[in-house]
Amino acid sequence: MYAFDYHRARSLEEALKLFATLDEATFLAGGHTLLPTMKNRLAAPENLIDISALPELSGIGMQGGVLRIGAAMTHHAVAASSLVAETIPALAALAGSIGDVQVRHVGTMGGSVANNDPAADYPAAVLSLGAEIETDRRRIPADDFFQGLYATALEEGELIVAIRFPVPETAGYGKYRNPASRYALAASFVSIRDGAVRVAVTGAGKNGVFRWEAAEQALMGHCSASRIADLRPESDALLSDMHADAAFRANLVNVVTRRAAEHLGGASIV
Amino acid sequence: MTRAKTSAVRKASDSAPDIAWRWDDAPPDMDYVREALFRHIGKPVARKEDKRLLTGKGRFTDDFNLPGQTYAAMVRSPHPHARILGIDASAALAAPGVLAVLTGVDVLADGLGPIPHNPLPKTNFDMKLSAPGGGAPFIGPHLLLPADKVRHVGEAVAVVVAESAAQAMDAAELVDVDYEELDFVIDALDAASGSCPSVVWDEVPDNVFVETHFGDREATDAAFARAAHVVEASFHIDRVTGVPMEPRAALAAFDAESGKYTLYAGSGGAVRQKNELAEVLGIEPKSLRVLSFDVGGNFGTRNRTYVEFGLTLWASRRVGRPVKYTATRSEAFLTDYQGRDLHTTVALAMDAEGRFLAMRADNLSNVGARCVSLSPLSKGSGLITGSYDIPAATLRSRAVFTNTMCTQAYRSSGRPEVTYAIERLVEIAAKQIGMDPIELRRRNMIAPDRMPYRNAVGQVYDSGTYETNMDQAMALFDWDGFAARREEATARGMLLGRGLANYVESSIGSPRERAEITVLPDGRIEVVIGTQPSGQGHETSFAQVVADMLGVPVETVTIIIGDTDVVSVGGGSHSGRSMRHAGTVMAMASSELLAEARRRAAEHFDVALDRIERDGDQYRVAGTNHTVGLFELAALPSGPLAVARTNEMHTPVFPNGTAICEVEIDPELCHVEITRYATIDDVGRCINPMIVHGQTHGGIAQGVGQAMWELCVTDPDSGQPLAGSFMDYGMPRADNLPSFDAEIAEVISPTNPLGIKAGGEGGTTPALATVTLAVLDALAPLGVTDIKMPLTPNTIWRAIGEARQQEKGVME
């Protein structure tokens, strides 16, 4: 780790001001990607602005039929929220499947979404549910937000304040973990809202989270796993690494999507 | 995870004249030792060390700090093989806080020697390996820093010493090394091909530096010629690493006034570190004190000397201040001594009834860039025939250099490799001749009345009831209930499979051990011993042994380890040697202490020696009420009541057993769940069953880990290690393992006074085979007949796919 200065912001305004004035500054939320990267000397921010305690980024509540979750809410807070469990139980199950107990008590939803790791869980839920990313300056639809590996629509210094999830009729999550990292080797979030099926896949795509449109069409009108029994995404668009080649990932995407469809209202985590 | 059951105690087999411990030759007070067994021995006494460790009071290397200490960081090679053309340290030297930058040129200029690894196992009973054509093998000098070329990714080429750890790391990035990249080789088969463009050492142009043939070639050839059936298979038991929880660390100090060096460095034995590092530095061993107290995991990884230990010592003299180094987890993955990496081709000849006639084996060990240890190759070589009576065998054992990190004896050195080979071969043989694999094993297992049994390559198995192990393990596993369980799993769409492996392993280890026992007037007994626990509970189990022998409560006995100013001789802890060697020498020392105590009691009461009777720790004049206690005797003016005893013991023992694994495979995800694991382990005399069970459980996890997840993946195109963190190196976890059904079989070894064999490694030895065979059994209905470790989902998916393709090919 290289030397850096640490700043703990007490308000959104202060955080933004710090970012505007400090050199080589980076926001720090749960730090579960940033800190290991810094420890491996692969990132060298001069200034860290801790946003984990900003009141504006806190809280879970309903706003006109939309479930709004503050960006600084930990995975544990989401997993343990009775409101999330009542409205989108698959989202609570997803949050409860991230990492381990320690990770879930420190890692945050906003941090995960902003980082857009190709194997992270939240992007699948955000994209499938058609959520909006509420920042300090605008709202960004999920379909426009994720722009490839670790790339998002966020501008320099733009901070996620909350994620706004429209409540679906139902949703399910299917996930198969990488035996080493426990990140998703492949995971699929299937949701139905206003009769439309949306399938978002994480862990598998070369460009990070993606909507699997062929599966959405096949499931439209009747969200039954049997309708995608033989459907697989194109291997060309999938990741290939020491844990899973693209062809195997194509198989896994099929399996986890079917399991998500079989577990609407919950999740299948292996 | 623990479901320990009561021990199944079995009768000792007949002792053999040539390997037996001779009670009759022992001094008379050894009878006390014999009678004293077993008030504490055999009981699950709670671990004395746990409170200290669990409350953060352990003393691990990085916990120590010295006034004015500085910090070292390594500059490591990014290339698998490259000539060092030059090193420019000027920018690093100019960086803030930097005190020194040392390179291989400085190592040569200061006359530092290579680490004297002494890789050939050296007891009278070890398999003797030699260079091709005979003679001592060239092992590749292991200088603290190379001056000529780097031979693996991660090799340290320079050390930076600075005021802070961060400054040292920052400056290390500024050291400019000019490399000329060379051809490299990663896999042992490529390296030994005879036409490999990469020559790791010019002294060994074909990279093969060990080639030894064992066994009776004529008899083997004759048996193969008359065999009704022959099976052959090739396996690669791939590279893994130990991943101890505590990364390696060193804190060195040089005192210019006395000329003495001090090194805090956790290892598998401080005495070895002291002797080898003294040789590197060119100093008398007495000028170096090594301290190794609590050690956070070893598994063989820590038994050999590391360059960083020598570098901190040398640097502390150069900068005149203490120097500390603590490896990062990345450095641990890159440069901890690694394990396994054996290519083996095995063939088995059978008669028409499935009786084993002969075996051929060809083993090739990848030692990495230098030879640190030949223990894995040697140990495995002696056990190629496993638990089976195979009258004739030949074996070619070779070792080869490659551009990879050095390998070392790793958890059950060499034995899981050959157990995997023989057990898989036996299954293949059963399939080929259409016999039940259990029946085939039964037909060929070594019977108890053959003990001691000399195998076809000359190893003498001391004792054991192998077939009984198998029967008991099958009962424990509920072997007969498998069909019903499989039916139930099939109904859920799952594939159930089971795999059984018999094993025998050798525990030899460094032959010398020393015990010093002192009785203190305040009611304590101190025992100094040269083993080094890293979680094995020596402080408890050793105390049990001494407490039994001296007739005192176990709480009064304290075990002292790890400081070479106190511990003068000691073989350390490896190869399952500790309890056997320490137990034996502690028994000998105890008997001497008892004799001395009796002599003092007689003197105290002024009576003849034969009038003194002993009851526990009380000494009484026979027929009177005159008694004196052991601790009172220590307080008498005749001086400290203390003894020291050194023992050398070469005779190996052969722990053995049977393990069975059951797996359930989700054929869609290709996910493997281990649903059942049973094991019977003959450890000889069991001192503390709780501790032995704990070690067995850990051993199983480590073996299962290699079978299922662990692999040091190297990119063949770039030579770069790819599994450099826990993100990519899969570890066994509690939630991936079932509750184990482990039972201990105590077939007393005739080779030592306590009858000890060894425990713990027996969990690892058969596990590679049991898991693989279980997975193959589960996948058999899909036509899968072969698969390689680790058994990851992708590997299983590919195996199923290939089997389908083949089936299709056959149909067409």
Side-chain angles (χ1 to χ4, degrees), chain A residues 1-4 32-33 36-42 44 97 99-101 103 117-119 174-188 203-204 225 228-230 232 238-259 262 268-270, chain B residues 73 96-97 164-167 169-173 243 328-331 333 493-494 664-673 704-705 708-716 720-736 790-801:
Chain A
M1 197 178 262
Y2 298 96
F4 60 89
H32 274 77
T33 299
T37 311
M38 289 171 65
K39 281 183 182 171
N40 284 318
R41 301 169 80 86
L42 299 171
S97 79
D100 55 26
V101 174
V103 167
D117 186 300
K175 168 170 160 181
Y176 187 47
R177 289 189 179 104
N178 178 324
S181 69
R182 296 295 183 101
Y183 274 82
L185 205 51
S188 184
I228 53 167
D230 296 318
R232 274 160 189 72
L238 300 184
L239 285 168
S240 198
D241 56 32
M242 72 172 95
H243 303 290
D245 58 34
F248 179 50
R249 273 206 167 82
N251 172 72
L252 287 181
V253 169
N254 167 279
V255 179
V256 294
T257 305
R258 282 193 285 123
R259 292 197 180 173
E262 285 163 358
S268 161
I269 313 286
V270 181
Chain B
S164 76
Q167 286 173 332
M169 287 172 89
D170 286 350
E173 291 182 354
V243 201
T328 63
R329 181 57 66 187
S330 305
E331 286 181 293
F333 271 112
M494 297 292 179
E664 183 175 300
I665 300 179
D666 174 338
E668 291 188 339
L669 292 173
C670 299
H671 178 76
V672 180
E673 190 77 38
V704 168
M708 294 278 291
W709 307 287
E710 297 183 53
L711 181 63
C712 294
V713 183
T714 303
D715 177 24
Q720 294 296 321
L722 297 180
S725 78
F726 290 120
M727 290 293 285
D728 292 316
Y729 191 90
M731 293 290 288
R733 297 164 195 256
D735 65 343
N736 292 137
L791 303 155
T792 63
N794 205 163
T795 301
I796 287 169
W797 188 75
R798 269 191 219 120
I800 294 173

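Order of the sequence lines fixes the chain letters, A, B, ..., with proteins taken first and strands second; residue numbering starts at 1 for each chain.
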Indicate the atoms forming the closest heavy-atom contact of B:Pro793 with A:Pro179, along with that distance. CD-CG, 4.3 Å
Least distance between heavy atoms, A:Ala180 atom then B:Arg733 atom: O-NH2, 2.6 Å
If you tally heavy-atom pairs under 4.5 Å against chain B, which of A:Leu185, A:Asn251, A:Asn178 wins? A:Asn251
Residue among B:Thr795, B:Leu711, B:Leu722, B:Asn794 with most heavy-atom pairs under 4.5 Å to chain A: B:Asn794
Are the charged groups of A:Arg259 and B:Asp666 less than 4.0 angstrom apart, N to O? yes
Give, for atom CG of B:Asp715 and atom CE of A:Met242, the distance between the pair rounded to the nearest 0.5 Å. 9.5 Å
Examine whether an atom of B:Glu173 lies under 4.5 Å from a heavy atom of chain A, and if so say whether it belongs to the side chain, the backbone or both; otherwise answer neither. side chain
Need one label for B:Arg329: side chain, backbone, both or neither, based on atoms under 4.5 Å from any heavy atom in chain A. neither
Region of A:Asn254 in contact with chain B, defined by heavy-atom distances below 4.5 Å: neither
Take A:Arg41 and B:Asp170 through the test side-chain contact (heavy atoms from CB on, under 4.5 Å) and record every step on the way to the result. CA-CA 10 Å; A:Arg41 301 169 80 86; B:Asp170 286 350; 2.4 Å; yes
Below 30° counts as parallel, above 60° as perpendicular, anything between as tilted: where do the rings of A:Tyr176 and B:His671 land? perpendicular
Atom pair NE2/OG1 of A:His243 and B:Thr792 - distance to nearest 0.5 Å: 9.5 Å
What part of A:Ala247 gets closer than 4.5 Å to chain B, counting heavy atoms only: side chain, backbone, both or neither? both
